[in-house]
Asks: 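The structure that follows is given in the form of structure tokens.
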Amino acid sequence: MTFGLYIHVPFCLKRCGYCDFNTYTSMDMGEGASVDHYATMIIEEMALLKRWQERNGITPEPISTIFFGGGTPTVLKAFDLVRMVQTAEHEWGIIDNPEITTEANPDTVDAAYLQTLKAGGFTRISFGMQSAVPHVLKTLDRTHTPENVVTNVKAAQILGLECSVDLIYGTPGESIDDWKTSVRSALAMEPTHISAYALTLEPTTPMGRKVDYGILPKPNDDDEAEKYEIADSLFSAQGLEWYEISNWAVPGHECRHNLGYWRNIDWAGLGPGAHSHFSHLNASTTLPQGAYAVDDHDGFTRQHRRLPEDCSSIRAWDIRHPRRWAHTIHQGNVPWQGAETLNHHATLEEAIMLGVRLREGLDVAGINAIAGKQLQPGILHALHAEGLIERQTSTIVPTLHGRLLNDIIVEKLLDAYMLE
Amino acid sequence: MAVQHNQPGFTDQSLIRNFCIIAHIDHGKSTVADRILQLSGIVSDREMHDQFLDRMDIEQERGITIKSQAVRVPWIADGKEYTLGMIDTPGHVDFTYEVSRALAACEGAVLLVDATQGIEAQTLSNLYMAIDHDLTIIPVLNKIDLPSAEPDKHAKEIAGLLGCPESDILRVSGKTGEGIRELLDRIVVEVPPPHGDARAPARAMIFDSVYDSYRGIVTYIRMIDGEIKSRQKIRMMGLGTVHDPIELGVISPDMTPTKALGAGEVGYVITGVKDVGQSKVGDTITTEQDPATTALPGYRDPHPMVYAGLFPVDNADFPDLREALDKLKLNDAALIYEPETSVALGFGFRCGFLGLLHMEIVAERLSREFDLDLISTAPNVTYDVTMEDGKVHHVTNPSEFPDGKVKKIVEPVVSADIITPKEFIGSVMELCQDHRGQMGTMEYISEDRVEMHYTMPLAEIVFDFFDQLKSRTKGYASLDYHESGEQSADLVKVDILIQGEKVDAFSAVVHRDKAYAYGVMMTKKLRELIPRQQFEIPIQAAIGSRIIARETIRALRKDVLAKCYGGDITRKRKLLEKQKAGKKRMKMLGRVEVPQEAFIAALSTDDSTDRDTRDKIRAAAKKDS
């Protein structure tokens with residue numbers, strides 16, 4: 001099975017008010033959890049994970065994609081990023097023509113930095129642009145100006161790196177025209193890939209609290225729906241087609257790493273709080289010993305650390321706090337904090353909720369096989385009649401309306417499979 | 001602990017004094033009762049906790065007495081031991097019937113008045129009832145320890161009311177115990193002893209009964225004539241059934257078995273029967289061996305003034321609800337119920353209550369003591385609807401309101417007595433007028449307080465009148481009401497339609513002038529409460545086929561998580577599972593999913609007349625006229 005690698009870099013120069021990712025503004029948190037020492041820690045984690053795979057007879061194919069996310073991976077020295085790629089190649093091997101991406105904050109890179117990445121094998125840069133409108137960037141606590149995005153994207157394009165930009169819509173105070181400005185500015189840079197996300201307000205973030213207290217207006221679903229439709233039409237007019245709910249690309253330039261998540265492939269996630277997914281495990285698989293707390297109700301017991309009978313895949317996540325994460329690595333243990341085993345029911349749920357996000361669609365035969373029963377054709381007719389899916393029989397593909405109401409499709413499909 | 005020499009069954013009637021305490025709610029009746037128990041020595045200081053007699057959790061929490069209790073208390077006066085039968089009574093207007101039962105078992109009543117508040121509406125209604133039962137009244141001012149007490153002023157009020165000298169009015173403090181001895185001595189002197197015929201065949205009145213899950217029905221009785229021995233078979237004269245009592249006893253202050261109960265005594269009997277129909281309050285008990293020939297005059301049967309539907313949130317709990325109601329009925333004779341089916345809410349019961357507090361307490365006991373999750377519909381009164389063709393329908397449920405040409409609708413009317421400080425006269429009059437009240441007379445009961453008399457439709461009182469009265473008078477006004485016939489009125493049924501389908505649970509019978517207000521309020525509330533769905537949902541209010549108000553819940557446009565990468569998958573799946581579980585608690589009305597909370601909130605009585613609502617009501621009424 002295709003194998004991917006995700007590396008989380010939990011450092012940021014400044015914390016944005018909307019962000020609830022596992023990231024910290026302290027550059028040295030002790031025990032080696034520092035910007036300077038970070039690559040070394042990840043390299044050690046690679047070795048520990050590889051040893052665990054070997055012990056359990058897990059032999060993945062060579063890595064096809066690597067993705068550095070954060071946080072801000074580009075607070076690390078460019079060569080540190082390259083070093084981690086080199087070690088990954090040493091541990092698992094890398095296929096020909098891989099996709100190696102890093103997220104980049106427009107503030108933290110320049111042409112020399114990008115040059116080092118390109119020389120070290122990176123193929124793709126994903127820029128956190130978010131908006132082209134200064135007051136929106138300010139509400140989002142972003143420190144960059146619209147201009148340095150343009151400069152850096154151009155520098156990357158000249159080096160032959162694929163470029164993607166991220167946009168956020170629905171920021172409090174953002175008008176429809178503001179959003180159009182951002183979309184047009186992004187398109188003007190001619191990236192081959194754009195991700196556009198509705199601002200997700202988490203109640204625990206500073207921005208979430210401001211909305212709770214009424215200091216900022218509440219995001220509005222109708223406004224977000226309208227902005228989504230605007231983005232979709234402007235992107236496709238310039239040749240960027242949607243391939244996942246929040247992602248558009250010039251055909252052939254889709255992000256292969258992210259597609260892997262929705263196709264439910266295996267990947268290893270390294271770094272504090274990163275998630276991993278391993279499927280097709282055999283019954284004798286033993287989870288790594290160490291600091292992680294097992295999710296007892298999902299079938300593990302502390303004593304056995306064995307998979308329950310009806311489970312052959314797991315999701316696991318690293319310890320969130322960088323210092324404790326580093327400490328566990330120093331002790332020689334895979335720094336997993338928790339894991340859940342996926343039974344038949346959970347596997348079906350995930351396959352459906354991930355598959356209907358994609359333009360390539362959800363393969364009906366594949367889902368029938370997981371569910372162990374046939375989907376009644378009536379449900380597909382009904383979904384089509386409600387304008388939620390395209391008229392197709394072998395795959396389920398959401399329409400524009402169905403992308404915006406994707407959770408309703410998921411719910412109805414699940415109901416259809418659960419009904420006896 | 002005091003030793004009681006007067007043994008049950010062997011106490012001469014001349015040594016017995018049966019009395020009750022009557023008071024407005026919160027005037028400190030239970031505290032006085034507690035002090036009496038303590039002073040008499042039957043409850044040690046160590047065992048004493050506040051409101052000893054109020055055993056139900058709700059009573060303790062709300063600080064009110066719902067069920068009356070009867071305790072046998074010894075008291076020595078002039079070197080002689082007397083046996084006092086003390087009956088604690090509820091004070092709230094809804095429990096008038098329970099008060100009347102307690103009164104019928106007594107010869108005297110302690111009229112307790114809060115020295116900081118003075119006479120209140122229920123003080124009067126309880127007093128009148130006690131006088132109707134021919135009881136000796138002992139007036140007492142309570143809470144004299146409080147700095148805000150004005151005993152002289154209120155003594156004057158009471159003296160004026162009873163026509164006695166002010167010096168006759170005792171002053172006590174239930175909190176400190178001051179004056180309680182004097183009160184007990186007064187009871188011994190003034191309350192007449194019972195005067196039944198101790199040698200006649202036994203006759204005992206059932207004045208209350210409770211269900212005990214271990215022992216079955218515990219029936220409280222007051223012996224009028226003769227005696228009952230613990231091994232004697234007893235006969236319920238009304239029902240004609242015969243029982244072998246398991247236990248006969250008195251409460252002092254715990255249940256204490258005795259060999260006999262004699263004339264004039266208050267006690268209990270346990271028959272071991274668990275069938276709720278077997279212990280009818282108001283029935284007369286006699287012995288099988290030497291039965292009396294005529295039963296005692298029965299009690300006034302309480303009849304419910306207010307109806308509401310009670311439905312289990314989970315329809316599978318319906319049998320549990322039935323069982324719970326059966327058990328409550330045992331010690332709540334005023335509760336009536338019959339099965340009802342609602343399209344929206346499923347299987348439940350239409351229940352009749354004495355009033356709103358009674359309804360609240362029943363609902364709360366059902367949820368607390370029987371662990372039931374319930375939805376209750378808006379309370380309504382009963383109507384007699386005469387059709388053009390002369391047919392008459394007795395309507396206890398708005399959904400039964402007949403379609404077609406109506407000739408006349410008759411609704412129950414009450415006369416309401418409101419006591420308020422004079423500065424609130426204006427706002428009380430306004431409130432009563434808003435509720436279709438007709439003013440009768442108004443009297444000053446003291447320099448600064450008045451008693452106002454109104455005739456009002458009961459329907460206007462049962463919804464939220466009392467809360468509004470309290471809020472408009474800063475809590476100072478008190479209310480009492482009793483039935484006072486009926487009147488014909490211009491009433492209409494307002495239906496609420498969700499996506500064109502009538503939701504029976506929301507139908508209401510209201511005065512024509514209030515129809516718009518009801519329609520606008522309900523449609524607005526529902527628009528807020530029902531989540532947006534895949535399609536547009538019209539919510540309408542209608543009289544017959546005529547739409548009087550409309551709101552629209554617009555179709556949902558976005559229901560998707562923007563980001564779903566590796567680390568989001570577990571969280572997203574758990575979210576989906578949670579949503580699915582939440583959906584199970586939704587009621588389907590046609591295609592529309594309505595959360596349980598929407599029913600509960602829509603049927604709550606909160607006063608949601610914000611400006612927008614008022615504007616819409618005006619607009620709707622205008623359009624129609």
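All chains are named by letter (A, B, ...) in the order of the sequence lines, taking the proteins before the strands, and each is independently numbered beginning at 1.
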Asks: Is the closest side-chain heavy-atom distance between K412(A) and Q534(B) below 4.5 Å?
Replies: yes
Asks: Do the side chains of M353(A) and L575(B) get nearer than 4.5 Å, heavy atoms only?
Replies: no
Asks: Is it the side chain or the backbone of L405(A) that comes within 4.5 Å of chain B heavy atoms, both, or neither?
Replies: both
Asks: Could you look at Y228(A) and say if it's the side chain, the backbone, both or neither that has a heavy atom under 4.5 Å from chain B?
Replies: neither
Asks: If we check side-chain contact (heavy atoms from CB on, under 4.5 Å) with D559(B), which of these qualifies: D221(A), D407(A), N406(A)?
Replies: D407(A)
Asks: Counting only heavy atoms closer than 4.5 Å, note whether Q533(B) contacts chain A via side chain, backbone, both or neither.
Replies: neither
Asks: Relative to chain B, which segment of L354(A) carries a heavy atom at a distance below 4.5 Å: side chain, backbone, both, or neither?
Replies: side chain
Asks: Please say whether more than 12 non-hydrogen atoms of neighbouring residues, nucleotides or ligands are located less than 6.0 Å from OH in Y197(A).
Replies: yes
Asks: For the side-chain hydrogen bond (donor to acceptor under 3.5 Å, both in side chains) test, which of R554(B), R557(B), K558(B) pairs with D222(A)?
Replies: R554(B)
Asks: As an exercise: rank Y261(A), F21(A), F67(A) by heavy-atom pairs under 4.5 Å with chain B and give me the winner.
Replies: Y261(A)
Asks: Between chain A and each of V560(B), L561(B), L556(B), count heavy-atom pairs under 4.5 Å; write down the option with the most.
Replies: V560(B)
Asks: Under 4.5 Å from any heavy atom of chain A, what part of L576(B) do you find: side chain, backbone, both or neither?
Replies: side chain
Asks: Let me know if L388(A) has heavy atoms under 4.5 Å from chain B in its side chain, its backbone, both or neither.
Replies: side chain
Asks: Which of parallel (below 30°), tilted (30 to 60°) and perpendicular (above 60°) describes Y565(B) and W262(A)?
Replies: tilted
Asks: Which bit of K563(B) comes within less than 4.5 Å of chain A, counting heavy atoms only: side chain, backbone, both or neither?
Replies: both
Asks: Does the distance from a Lys or Arg side-chain N to an Asp or Glu carboxylate O, for E349(A) and K580(B), drop under 4.0 Å?
Replies: no
